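Note that the structure is a prediction, hence the values are computed from the model and not measured.
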Protein chains: 2
Amino acid sequence: MRRIAPDRDQLLAIVAEVFREHGYEGASLALIGEATGLGKGSLYHFFPGGKEEMARAVVAHIDGWFEENVFAPLRDSADPLAGIEQMLEATDSYFRSGRRVCLIGAFALDESRDLFAGQIRDYFGRWVTHLADALARSGHRPDEANELAEEAVAAIQGALTLARAANDLDVFSRALRRLRVRLGLPVKT
Amino acid sequence: MRRIAPDRDQLLAIVAEVFREHGYEGASLALIGEATGLGKGSLYHFFPGGKEEMARAVVAHIDGWFEENVFAPLRDSADPLAGIEQMLEATDSYFRSGRRVCLIGAFALDESRDLFAGQIRDYFGRWVTHLADALARSGHRPDEANELAEEAVAAIQGALTLARAANDLDVFSRALRRLRVRLGLPVKT
DNA sequence: GACACATTGTACCGATCGGTACAATGTGGG
DNA sequence: CCCACATTGTACCGATCGGTACAATGTGTC
């Protein structure tokens, strides 16, 4: 074994940005090659499965980031409200306060959903589940916690769509502020 | 003048479904031709501007439907709450209780946004504005009405994404039920 | 330096892309 | 019937699609 590719993370991040901007169909190998500075030879060396493997790896990479920075705090924080607070901060920074779009959410909408259905369902399912757990631990009734969690994740996705449509980042920050209130967190001044 | 195309509405509805399923990039002329039963000759006869004109017409068509079935009731109902109720029912039926996706929301996410930015912003802008007006007339403070309207439209968009991701229609109907409560409507049994 | 293997650039493939040209075929009004 | 025009099918265009083949070039190990 030679070495672990040192910047596979960075590579995946760049490819992710292309998929985010152009969607699965719109992200051509030419665009990906241009963005990464890699020719087809290199791309197919790293991803023998081609475009589909690239997208799958990107989704897994994003999933891993959320696992570490969003789901883990929800699961592991001794104080559930502190975990929820971390979730919101990580979410805000990940989506760059609304400048960025949720790639997995975008994949969920069109036909590419069929290719990645399992990964997509898993991502959102864990998000809702872990948030619901934290809400239950913070004192909500279980069924109420589930509804609230579903509402919160949907609110984030919807706010991303609306912010992008209106080209107005404030839409997203207003949504996050409402979520703080709704989830029982102190509102930042 | 010969005649007005009798089924242009139906044609647009079919084309819309293709864009909904495959996204702007993924909706090839071959798919559109197959779905409509029209060859390229006919398609370019009706839409000389090609794919972009088709999408623009589809978006305008959807916009018109919402204007008539969603925005107008919000604007014109003597009882604002009745208008909001009509909005929710029309929305539920339009999105087929979550089976359908919002094409304009999907367009807002990827690069096709640049092509249709004006139409997209207008659609969501009017939705929020008219809902906010109705909420204000139903007794909410203006700024509160605006936030609530934004929250509601985002909740619908987010619920569509989540329902599609989870492949679970109940996600959407639960979101609508929560919205009824949130907007001050009686909840259906 | 020699070998193994990782990485890359280039040329090429058939298929499909969006779009155009145009002749053939309806079809309603005079 | 005939004309004007709406509608359609087909053939074709250059460009680009995702993907493959492979030789050339790094690069670390011995």
Side-chain angles (χ1 to χ4, degrees), chain A residues 1-61 103 106-107 110-116, chain B residues 1-59 103 106-107 110-116:
Chain A
M1 190 187 312
R2 291 313 171 90
R3 63 183 173 113
I4 296 293
D7 42 355
R8 179 178 163 93
D9 273 14
Q10 193 187 345
L11 175 59
L12 283 176
I14 297 174
V15 177
E17 215 53 43
V18 180
F19 279 119
R20 234 187 291 271
E21 285 298 311
H22 303 275
Y24 182 71
E25 293 292 333
S28 68
L29 293 183
L31 282 171
I32 295 173
E34 186 185 344
T36 59
L38 295 177
K40 286 192 185 187
S42 307
L43 287 175
Y44 272 85
H45 174 70
F46 293 122
F47 307 98
K51 193 170 161 179
E52 181 175 337
E53 182 176 341
M54 294 179 210
R56 217 171 281 282
V58 159
V59 171
H61 186 249
L103 177 128
F107 276 9
D110 61 28
E111 59 175 350
S112 51
R113 191 196 78 116
D114 301 335
L115 280 174
F116 312 111
Chain B
M1 188 187 310
R2 291 316 172 91
R3 62 181 176 117
I4 295 295
D7 41 356
R8 180 178 162 94
D9 273 14
Q10 193 186 345
L11 175 59
L12 283 176
I14 297 174
V15 177
E17 216 52 44
V18 180
F19 278 119
R20 235 186 292 272
E21 284 298 310
H22 303 275
Y24 182 72
E25 294 291 333
S28 67
L29 293 184
L31 283 171
I32 295 173
E34 187 184 344
T36 58
L38 295 178
K40 285 193 187 187
S42 307
L43 287 175
Y44 273 85
H45 174 70
F46 294 122
F47 307 99
K51 193 171 161 179
E52 182 176 336
E53 182 177 340
M54 293 179 211
R56 216 170 281 281
V58 159
V59 172
L103 177 130
F107 276 8
D110 60 28
E111 58 175 350
S112 51
R113 191 195 78 117
D114 300 335
L115 280 174
F116 311 111

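The backbone N or O of B:G33 lies less than 3.5 Å from no partner atom in the side chain of B:K40, so there is not a single donor-acceptor pair. Between the B:T36 side chain and the B:I32 main chain, a donor and an acceptor come within less than 3.5 Å of each other.
Taking the nucleotide of DNA chain C with the nearest heavy atom to each of A:G41 and B:G41, the more 5' of the two is matched to A:G41.
Between the CD atom of B:E34 and the C1' atom of C:dC17 there is a distance of 16 Å, given to the nearest Å. One atom, CG of B:L29, and another, P of C:dC17, lie 8 Å apart when rounded to the nearest Å. When rounded to the nearest whole Å, the span between CG of A:L43 and P of C:dT8 equals 9 Å. Separating the CG atom of B:L38 from the C1' atom of D:dT10 is a distance of 15 Å, rounded to the nearest angstrom. One can place CG of B:L11 at 11 Å from P of D:dT7, the figure rounded to the nearest angstrom. Note: CG (B:L115) to P (C:dG18) measures 13 Å, nearest angstrom. C:dG18 atom C1' lies 10 Å from atom CD1 of B:I32, rounded to whole Å. Distance, B:H22 NE2 to C:dT16 P: 15 Å, rounded to whole Å.
The B:Y44 side chain lies nearest to C:dT20 when the options are C:dT20, D:dT20, D:dT8. Of the candidate nucleotides D:dT7, C:dT7, D:dC17, C:dT7 has the atom nearest to the side chain of A:H45.
Using a 4.0 Å cut-off on heavy atoms, the residues of residues 49-59 of chain A that approach DNA chain D are A:G50, A:K51, listed by number.
Residue-to-nucleotide contacts include a donor-acceptor pair under 3.5 Å from the side chain of B:K40 to the base of C:dG19.
Classification of the B:F107-B:Y24 ring pair by plane angle, with boundaries at 30° and 60°, yields perpendicular.
Few gaps surround CD on A:E53; more than 12 heavy atoms of other groups in view lie less than 6.0 Å from it.
Partners of B:R20 according to the side-chain hydrogen bond (donor to acceptor under 3.5 Å, both in side chains) rule, which considers only residues two or more places apart in sequence or in another chain, are B:E17, B:Y94. Here B:E52 pairs with B:R56 under the salt bridge (Lys or Arg N to Asp or Glu O under 4.0 Å) rule; sequence neighbours left out.
Here B:G39 lies in heavy-atom contact (under 4.0 Å) with sugar-phosphate atoms only.
Across all strands shown, D:dT25 pairs with C:dA6; the Watson-Crick or G-U wobble distances both stay below 3.5 Å.
At the phosphate of C:dC17, OP1 or OP2 sits under 4.0 Å from a side-chain N or O atom of B:S28.
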Inset, instruction - Carefully, step by step, assess B:H22 and A:E111 under the rule side-chain contact (heavy atoms from CB on, under 4.5 Å). - result: CA-CA 5 Å; B:H22 303 275; A:E111 59 175 350; 2.7 Å; yes
